[in-house]
Undergrad: 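Before I ask anything, let me first share the structure, which is written out below as structure tokens.
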Amino acid sequence: MPKNSKVTQREHSSEHVTESVADLLALEEPVDYKQSVLNVAGEAGGKQKAVEEELDAEDRPAWNSKLQYILAQIGFSVGLGNIWRFPYLCQKNGGGAYLVPYLVLLIIIGIPLFFLELAVGQRIRRGSIGVWHYVCPRLGGIGFSSCIVCLFVGLYYNVIIGWSIFYFFKSFQYPLPWSECPVVRNGSVAGKYGAQLGMPACPVPGRVVEAECEKSSATTYFWYREALDISDSISESGGLNWKMTLCLLVAWSIVGMAVVKGIQSSGKVMYFSSLFPYVVLACFLVRGLLLRGAVDGILHMFTPKLDKMLDPQVWREAATQVFFALGLGFGGVIAFSSYNKQDNNCHFDAALVSFINFFTSVLATLVVFAVLGFKANIMNEKCVVENAEKILGYLNTNVLSRDLIPPHVNFSHLTTKDYMEMYNVIMTVKEDQFSALGLDPCLLEDELDKSVQGTGLAFIAFTEAMTHFPASPFWSVMFFLMLINLGLGSMIGTMAGITTPIIDTFKVPKEMFTVGCCVFAFFVGLLFVQRSGNYFVTMFDDYSATLPLTLIVILENIAVAWIYGTKKFMQELTEMLGFRPYRFYFYMWKFVSPLCMAILTTASVIQLGVTPPGYSAWIKEEAAERYLYFPNWAMALLITLIVVATLPIPVVFVLRHFHLLSDGSNTLSVSYKKGRMMKDISNLEENDETRFILSKVPSEAPSPMPTHRSYLGPGSTSPLETGGNPNGRYGSGYLLASTPESEL
């Protein structure tokens, strides 16, 4: 044996070491396998297990408890979209009918792929880059694309947390600042309805409010003008909004402190950020059910419009919501599960988190529609009062005859039913001149049908409803504190999707890299706190992440089901979990999920081609929204974002296909405990050496999730049995590169 041999130098050491397979198969002298953890006889099973646990504890952090891990996954998957996007989609896509496509897609796509990500993260114990590098090196770019998508989402998502922080601090005053329109100047104004009827302006004591607010509403004005100070289009930057810039700084500071030490810090935050929103939702549900009109809103939500169930657009939006709700493709799910023990029952975790996510969405929808039902009744009564004043004006000017008014109608105590009776009579008698009267039907159904999308649901519709609550500042503080915590939980998972794979792969200092990410993201995020920033949020939220995310999820499924092999993957799960997963997953991974996602991707591309991307712009002079298409430079930016997010996938594929980038096969290593090495394996033949290091069968390639027991599909049994051997599958105590103890 050479004097400088690693075996000679370390023969009497008791430390742990990782050796490359090339070194072990070269000129190293064999050692006594009975005294080494690296053995094939299974006699050092307890010692090998201890080494695995010891190395695992040294090399990778772990969750303090199963509860902490579950709360982290719930905090990541349950986010702001559950509070405003899911209720909006229910309202837009047929109420209760929308739950059918959502549930179907959750079962055939959501849960199987969520289980898949949990399983690969837990088994390989690496972030997204490391996981997909081992599953299929040529598709290793999936991990890098996941990091980029996480970055895109994190940039604008934290801006929304900043908005919530702004409203949170504004809630500590009574009355709430968005409850009334601001006064421009004191003075005299003409009677409102007299001017509409062509009557002479009669000066009356009053106040002049902001015209933009008067044309819209107090909550709408506060959102667009006081909070965002929004410009009329994406092309008008308008400079930075300093209030939102400070809020964004606070938001990134909170996120940075929560994730700076990895799961050691974020895990503790999850106990509050994941549980507190449920306390608030429960309080809002009880309060909402006690409001007048709450039942109207809930019945409106659960009344299905069955024609919507056949609309392809509804199914496409439901699938997109499933992806975003469970965090599929972001890398956060994989990152969190990589800190688990390998015997953790991730199948149970997948079902539990998916159910809680769906339950939260339904609970939030109940709360939203109960409150919106109350708001709809308030607005309907306001409509009745305003239109009754119009009718009185017409009666006083003899535009309408008093004979048209039913004798039992009392204008002092006018009900919605009485107004509808008057409205129908006037419409029938004055059929030709009716449109000129400008009367509204004031139907409750019309108020309930008004769709308020995304941020508008939280910052306009819901805030307006809360102004009518008793003790409205308290409810406002609770609501926006809930939004902050929901956003924080999702941001922690999003940051884990960025930092965990980078730290695992490139071994950068964790604290320094995490702080650097937050600082970088803050400065890039200044794009979203310009006066036109809300339009960029729309661009990133609706377009830049959706297509890349769908592609990532498809390739993840293909990498496991068709390249690595569904049978082999099921075999790995059987050994890891201790039981064979339902055959349902075999067929979903192999056939159903890829087909459904391919259809979804095709539909998304067609939708983009048919309907050019655009955004809802707030026009100050009109005090109304107008849908505008993105200008050419914005379209170029959008295309660039999509290309940047997906580019790592083909680049890594080409580089590894032509061997321009190593796939790591020449760096395969094993970990063992230093000590007395084997004295005599010189009689091993060439094939025996391969079998000794890799497996019992020389032809078998190293598996990313090392096991070689055959799996013949659903319902089959493995032809190989491990017996009672405590030291691995075949009695071999080696640790392959796919385990956390070896190097990437």
Side-chain angles (χ1 to χ4, degrees), residues 79-80 83-84 151-173 176-178 182 210 212-213 216 218-258 453-464 476-477 479-488 490-491 494-495 517-542 544 615-620 625 634 637:
L80 297 173
I83 302 299
W84 61 49
L151 176 62
F152 288 171
V153 173
L155 287 174
Y156 76 81
Y157 205 87
N158 224 23
V159 173
I160 301 176
I161 298 179
W163 296 343
S164 303
I165 291 173
F166 175 79
Y167 269 79
F168 173 74
F169 285 110
K170 286 289 185 178
S171 299
F172 289 95
Q173 50 187 300
L176 292 171
W178 51 82
E210 180 65 45
E212 185 182 4
C213 183
S216 54
T219 51
T220 304
Y221 173 83
F222 187 88
W223 166 241
Y224 283 117
R225 192 56 52 210
E226 295 293 334
L228 301 181
D229 194 18
I230 200 167
S231 60
D232 285 352
S233 72
I234 195 172
S235 300
E236 302 175 26
S237 168
L240 290 178
N241 181 338
W242 67 268
K243 293 178 289 188
M244 288 304 168
T245 302
L246 291 177
C247 291
L248 180 63
L249 178 61
V250 173
W252 274 113
S253 299
I254 294 173
V255 171
M257 289 186 290
Q453 183 176 5
T455 54
L457 182 61
F459 295 102
I460 298 177
F462 211 86
T463 53
E464 183 174 355
S476 183
V477 167
F479 177 71
F480 289 108
L481 185 59
M482 176 187 71
L483 292 187
I484 293 171
N485 279 276
L486 284 171
L488 179 60
S490 296
M491 275 302 300
T494 302
M495 289 297 295
C517 282
C518 292
V519 173
F520 171 79
F522 167 73
F523 282 106
V524 176
L526 294 178
L527 172 71
F528 303 100
V529 291
Q530 304 175 94
R531 291 183 59 200
S532 59
N534 189 46
Y535 307 138
F536 287 97
V537 171
T538 300
M539 176 190 292
F540 275 67
D541 186 23
D542 292 349
S544 69
Y615 62 100
S616 294
W618 178 258
I619 310 302
K620 181 176 181 180
E625 290 184 341
L637 175 61

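Since this is a predicted model, take the numbers as computed values, not measurements.
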Undergrad: Would the distance check show the side chain of N158 and the main-chain N or O of L248 forming a donor-acceptor pair, the cut-off being under 3.5 Å?
TA: no

Undergrad: Tell me if a side-chain donor or acceptor on N241 pairs with a main-chain N or O of L228 at a distance below 3.5 Å.
TA: yes

Undergrad: Applying the side-chain contact (heavy atoms from CB on, under 4.5 Å) criterion to V477, which one of F169, F172, Y167 satisfies it?
TA: F172

Undergrad: Of all the heavy-atom pairs spanning M539 and A634, show the shortest one and how long it is.
TA: CE-O, 3.7 Å

Undergrad: Nearest 0.5 angstrom please: F536 CZ to S237 OG, how far?
TA: 7.5 Å

Undergrad: Using 0.5 Å steps for rounding, measure from the OG1 atom of T219 to the CZ atom of F462.
TA: 13.0 Å

Undergrad: Is any side-chain heavy atom of S476 closer than 4.5 Å to one of K170?
TA: no

Undergrad: Please name the pair of heavy atoms, one in S231 and one in E236, separated by the smallest distance, quoted to 0.1 Å.
TA: OG-O, 2.7 Å

Undergrad: Rounded at 0.5 Å granularity, tell me how far CD1 in I234 sits from OG1 in T538.
TA: 8.0 Å

Undergrad: Would you say the side chain of W252 lies within less than 4.5 Å of the side chain of M491, judging by non-hydrogen atoms?
TA: yes

Undergrad: Find the distance between CG (L486) and CZ (F480) and round it off to the nearest 0.5 Å.
TA: 12.5 Å

Undergrad: For a ring pair (Phe, Tyr, Trp, His ring centres under 6.0 Å) check, start with the C-alpha distance between W178 and F459, then their side-chain angles and the critical distance, and finish with the verdict.
TA: CA-CA 10 Å; W178 51 82; F459 295 102; 9.4 Å; no

Undergrad: Are any non-hydrogen side-chain atoms of R531 and I230 less than 4.5 angstrom apart?
TA: no

Undergrad: Hey, does the side chain of Y157 reach the backbone of L80 with a donor-acceptor pair shorter than 3.5 angstrom?
TA: yes

Undergrad: Taking all atoms of both residues into account, what is the closest heavy-atom pair of C247 and G162, and its distance?
TA: CB-O, 3.3 Å

Undergrad: Is the closest side-chain heavy-atom distance between S233 and Y615 below 4.5 Å?
TA: yes

Undergrad: When you measure from the side chain of E464 to the backbone of A461, do you find a donor-acceptor pair of N or O atoms at a distance under 3.5 Å?
TA: no

Undergrad: What pair of heavy atoms forms the shortest contact from G525 to L155, and how long is it?
TA: N-CD2, 4.3 Å

Undergrad: Between K243 (side chain only) and E226 (backbone N and O only), is there a donor and an acceptor less than 3.5 Å apart?
TA: yes

Undergrad: Roughly how far, to the nearest 0.5 Å, is CZ of F528 from CG of N534?
TA: 10.5 Å

Undergrad: About how many Å separate OG of S216 and CD of E625, when rounded to the nearest 0.5 Å?
TA: 10.5 Å

Undergrad: Of the non-hydrogen atoms in W84 and L483, which two are nearest, and what is the gap between them?
TA: CZ3-CD1, 4.5 Å

Undergrad: So W163 and W223, would you call those rings parallel, tilted or perpendicular, with 30° and 60° as cut-offs?
TA: perpendicular

Undergrad: Where do L527 and F540 come nearest, in terms of heavy atoms and distance?
TA: CD2-CE1, 4.4 Å

Undergrad: Let's go through C518 and M495 carefully: what are the C-alpha distance in whole Å and the side-chain angles of both, what is the deciding distance for side-chain contact (heavy atoms from CB on, under 4.5 Å) to 0.1 Å, and is it a yes or a no?
TA: CA-CA 9 Å; C518 292; M495 289 297 295; 4.0 Å; yes

